[in-house]
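A short write-up of the structure that comes next.
In listed order, ligands and their atoms are each counted from 1. In this text, all values refer to a predicted model and were calculated from it rather than measured experimentally. Numbering of residues begins at 1 and proceeds along the displayed sequence.
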Amino acid sequence: MADVSILIVEDEQRVAEILKKQIEEAGYKADIALDGYIGKKLAEKNKYNLIILDINLPLINGYDLCREIRKSDSNVPVIMLTAFGTPDNKIEGFDAGADDYIIKPFDFRELLARINVFLKRSDNTSRSSDKLKLADLEMDLNTKTVIRGNKKIDLTAKEFQLLETFLRNKGKLLSREFIIEKVWGIDFEAATNIIDVYVNYLRKKIDKDFEPKLIHTKFGFGFYCSETKM
Ligand code: CA
């Protein structure tokens, strides 16, 4: 597995650096974020193969950060690493979208064994799941690129998320509420016409110069993505 990169979000610098060193010795790359905000920015900017996440963090705690990460990348394995070990803590962690939970103090060999299980699992599934396709449109979730026909299409981050939501739900009628929740987050209070504005941006880029049209409006219900009209 070449170029596996792992994000460590941990505010105890000494712990973070030991982890980074051990992960690098195991042959992977590692970045450190010393608070939740930097963790969020790095997770948005880079495609990590796995994220190790402390819970008690400055600025954004691990639970909230995990929810944020899940909004934009539903597949990246997240291992929570924390001194909070009650069943309630664990349940909250899993509810927030964590895949595993390790209690401090821990043995690095155990963490490494779990990291390897997740990496192996995602290596087996990534070949089929890191590209979304419809007609002659192809979206690469790793490189964040979109191609239609032979033309590369530049999308903003929100347009990309919107298109990803459409492609992951192709053939299904999506309400404005569903789209807002997936793309903008459940606590986003928007005029729902923001969806129409963004759908129009997206149509200009991926549908205007191409056939067949892929994004359709079902008046009074919402939108759907399909090669044919439903
Ligand atoms: Ca901490």
Query raised in the report: Is any side-chain heavy atom of L57 less than 4.5 Å from a side-chain heavy atom of Y37?
Result: no
Requested in this report: Report the protein N/O/S neighbours of the Ca ion (ligand 1) that fall below 3.0 Å; do not count waters.
Outcome: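 For the Ca ion (ligand 1), the protein N, O and S atoms that sit under 3.0 Å away are D11 OD1, D54 OD2, N56 O.
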Query raised in the report: Could you give all pairs that pass the salt bridge (charged side-chain N to carboxylate O under 4.0 Å, His left out) test and reach residues 108-119, with sequence neighbours left out?
Result: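 Salt bridge (charged side-chain N to carboxylate O under 4.0 Å, His left out) check on residues 108-119 returns D100-R114, D107-R109, E110-R114.
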Query raised in the report: Residues in side chain to side chain contact (heavy atoms under 4.5 Å, CB included) with A43, at least two apart?
Result: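 A43: side chain to side chain contact (heavy atoms under 4.5 Å, CB included) contacts with L7, I51, I69.
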**Report entry** Exercise: do N89 and Y101 side chains pair donor with acceptor under 3.5 Å
**Finding:** no
Query raised in the report: When you check the side-chain N and O atoms of Y63 and N61, is any donor under 3.5 Å from an acceptor?
Result: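 Note: Y63 and N61 side chains miss the donor-acceptor criterion.
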Under 3.5 Å, sequence neighbours excluded: what are the donor-acceptor pairs made by side chains of residues 218-230?
from: Y224; atom 1: OH; to: M230; atom 2: N; distance (Å): 2.7
from: S226; atom 1: OG; to: T228; atom 2: N; distance (Å): 3.1
from: S226; atom 1: OG; to: T228; atom 2: O; distance (Å): 2.8

